[in-house]
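Reminder, nothing fancy here: chain letters follow the sequence lines and each chain counts from 1.
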2 protein chains.
Amino acid sequence: MNATTVSPRARRLRESGYKLTSARLAVLTALEASDGHLTSTELIERVLALDPAVGRASVFRALELFTRLSLVRPTYLSGSVTPAYVLLPGGHHHHFVCLRCGRVIEVEDCSLLDTTREMEQRLGVHVTGHLVEFFGLCANCAALPAEEDS
Amino acid sequence: MNATTVSPRARRLRESGYKLTSARLAVLTALEASDGHLTSTELIERVLALDPAVGRASVFRALELFTRLSLVRPTYLSGSVTPAYVLLPGGHHHHFVCLRCGRVIEVEDCSLLDTTREMEQRLGVHVTGHLVEFFGLCANCAALPAEEDS
DNA sequence: TTAGATGCAAATAGTTTGCATTTGT
DNA sequence: ACAAATGCAAACTATTTGCATCTAA
């Protein structure tokens, strides 16, 4: 793989001592092209569209590696127990999930920097990222009367 | 079921219009007796210990309901894609997960109340809770030299 | 009384594994 | 050159579903 054409994340992979394989690159590319939340199944579809030679297992292996590297984080949205993977630009991600209709709204605001510093000191840990999930009812569902799915 | 002996969460279930069945009660009891994080498999074990008549499916159905009611939240720890369920006393939960050894440290501090209010106003949503996951390396793993599992 | 919830067991879908082979560095 | 990573396909596990029955309110 050519060092000049790869994304910063891909470069980081290599710098962490992992091979930048075509399978990993396809997974990364698919994730970066997404709007933010992809289940393994959706991801496999898109990876195969990019590179039909990639095996499913490698997608799971890449996801596990990316999670360990804090490039990505699995999160549970509604309706399914299958996780959706989100990219962590800058090491974090925040969203709101509607518990009724499943709608997800990205939230930019991050007020956890101080908390993070304080926690690192107190616990002696090294924090590489965080995920914040707010949940409840979206404007639509909050306005609805009884219990019907939108 | 007797209204005077049930936990606040159980009461809340009934008040939300759901039946307080023995399956749901067993799941709730098992969760409340836990230290905080239980996978569905661990939960099923404990539920069966409490009440052998409960079927697996009901455990999953209860977890889905409890998630919708913000009593509980699925979260990803390390090693497995299967979620661990955490109780949400006061509607929230915060923890740190070590990406290397999987250790989980509960974090009390919550600095998201203002953020929550602001968000509810801006997006028109109704927030019933939140989950915050910090991740990185625990003190132990941060101190370790290369790449071996502890 | 009766809508809602259940247990069961079968079906499904998602994930992991072992291994021979390939590939990035 | 060679350790690391892969693809494959089989094995496995977790989750969901349909349905007759039961039960909390």
Side-chain angles (χ1 to χ4, degrees), chain A residues 1-6 10-28 38-45 47-48 50-69 74-85 146-148, chain B residues 1-6 10-28 38-45 47-48 50-69 72 74 76-85 146-148:
Chain A
M1 297 287 153
N2 183 338
T4 64
T5 55
V6 300
R11 192 180 339 278
R12 195 163 128 210
L13 244 193
R14 212 198 261 130
E15 280 162 7
S16 302
Y18 298 96
K19 290 186 183 174
L20 183 50
T21 63
S22 46
R24 287 173 179 165
L25 193 56
V27 172
L28 213 41
L38 289 180
T39 62
S40 56
T41 308
E42 293 165 336
L43 191 56
I44 288 168
E45 260 178 42
V47 164
L48 288 180
L50 290 171
D51 181 348
V54 175
R56 299 177 197 301
S58 296
V59 174
F60 285 102
R61 290 187 278 228
L63 284 172
E64 202 210 318
L65 175 62
F66 295 174
T67 301
R68 271 196 291 121
L69 294 177
T75 176
Y76 300 96
L77 306 182
S78 51
S80 166
V81 173
T82 299
Y85 291 82
E147 174 109 18
E148 266 161 289
Chain B
M1 297 289 154
N2 183 337
T4 64
T5 57
V6 301
R11 191 179 343 280
R12 195 162 129 210
L13 245 192
R14 211 197 261 130
E15 279 161 8
S16 302
Y18 298 95
K19 289 185 182 172
L20 183 50
T21 64
S22 47
R24 288 172 179 165
L25 193 57
V27 172
L28 213 41
L38 290 180
T39 61
S40 57
T41 308
E42 293 166 336
L43 190 55
I44 287 168
E45 260 177 43
V47 164
L48 289 180
L50 290 171
D51 181 348
V54 175
R56 298 175 195 298
S58 296
V59 175
F60 286 101
R61 289 186 279 229
L63 285 172
E64 201 210 319
L65 175 62
F66 294 174
T67 301
R68 271 196 290 120
L69 294 177
V72 127
Y76 170 87
L77 305 182
S78 50
S80 165
V81 173
T82 298
Y85 291 83
E147 174 109 18
E148 267 159 291

Enquirer: Given C:dG24, is OP1 or OP2 found less than 4.0 Å from the side-chain N or O atoms of A:T21?
Expert: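 No, because none of the side-chain N or O atoms of A:T21 sits under 4.0 Å from OP1 or OP2 of C:dG24.
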
Enquirer: Tell me: OH of A:Y18 to P of D:dA5, nearest whole Å?
Expert: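 Atom-to-atom, A:Y18 to D:dA5, this comes out as 7 Å.
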
Enquirer: Please classify the nucleic acid contact of A:P83 as base, sugar-phosphate, or nothing, using heavy-atom distances under 4.0 Å.
Expert: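 Counting heavy atoms under 4.0 Å across all strands, the contact made by A:P83 is with sugar-phosphate only.
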
Enquirer: Within this structure, what is the CD-to-C1' distance between B:E64 and C:dT6, rounded to whole angstrom?
Expert: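 Roughly 15 Å, once rounded to whole Å.
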
Enquirer: Find the distance between CG (A:L63) and CZ (A:R24) and round it off to the nearest 0.5 Å.
Expert: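 Separation between the atoms: 11.5 Å.
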
Enquirer: Do B:L25 and B:L50 pass the side-chain contact (heavy atoms from CB on, under 4.5 Å) test, and can you show the C-alpha distance, the side-chain angles, and the key distance before you say yes or no?
Expert: CA-CA 10 Å; B:L25 193 57; B:L50 290 171; over 6 Å; no

Enquirer: Nearest whole angstrom, please: distance from the P of D:dA25 to the CZ of B:R11.
Expert: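 Rounded to whole Å, this separation is 13 Å.
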
Enquirer: Grab the CZ-P distance between B:F60 and D:dT17 for me, whole Å please.
Expert: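 Whole-Å distance recorded here is 12 Å.
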
Enquirer: Between B:T39 and B:S80, is any pair of side-chain heavy atoms under 4.5 Å apart?
Expert: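 Side-chain contact under 4.5 Å: no.
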
Enquirer: According to a strict under-4.0 Å criterion, is A:R56 in side-chain N/O contact with OP1 or OP2 of D:dC8?
Expert: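 Checking D:dC8 against A:R56, no side-chain N or O comes under 4.0 Å of OP1 or OP2.
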
Enquirer: How close or far is atom P of D:dA25 from atom CZ of B:R24, stated in whole angstroms?
Expert: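 That distance rounds to 10 Å.
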
Enquirer: Which sits closer to the 5' end of DNA chain D, A:A57 or A:L65, going by the nucleotide each is nearest to?
Expert: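 Between the two, 5'-proximity favours A:L65.
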
Enquirer: When only distance counts, do a donor and an acceptor, one from the side chain of A:K19 and one from the base of D:dA4, lie under 3.5 Å apart?
Expert: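 Flag set: donor-acceptor pair detected.
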
Enquirer: Could you give the CG-to-C1' distance, from A:L13 to D:dA4, as a whole number of Å?
Expert: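 Rounded to the whole Å, the gap is 13 Å.
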
Enquirer: For the side chain of B:R61 and the base of C:dG7, is some donor closer than 3.5 Å to an acceptor across the two?
Expert: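 It does, because a donor-acceptor pair links the side chain of B:R61 to the base of C:dG7 below 3.5 Å.
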
Enquirer: What integer distance in Å separates B:F66:CZ from C:dA5:C1'?
Expert: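 Computing the B:F66:CZ to C:dA5:C1' distance gives 12 Å.
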
Enquirer: Taking the nucleotide of DNA chain C with the nearest heavy atom to each, does B:G79 or B:S58 sit closer to the 5' end?
Expert: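 Closest to the 5' end, via its nearest nucleotide, is B:S58.
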
Enquirer: Return whichever of B:V59 or A:T82 has its heavy-atom-nearest nucleotide of DNA chain C closer to the 5' end.
Expert: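 Residue closer to the 5' terminus by nearest nucleotide: B:V59.
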
Enquirer: Just how far, in rounded Å, is C1' of D:dG7 from CG of A:D51?
Expert: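 Between C1' of D:dG7 and CG of A:D51: 11 Å.
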
Enquirer: With a 4.0 Å cutoff (strictly under), does any side-chain N or O of A:S40 reach OP1 or OP2 of C:dT15?
Expert: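 Yes, A:S40 has a side-chain N/O under 4.0 Å of OP1/OP2 on C:dT15.
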
Enquirer: Report the distance from atom OH of B:Y18 to atom CZ of B:F66, rounding to the nearest 0.5 Å.
Expert: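 Those atoms lie 11.0 Å apart.
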
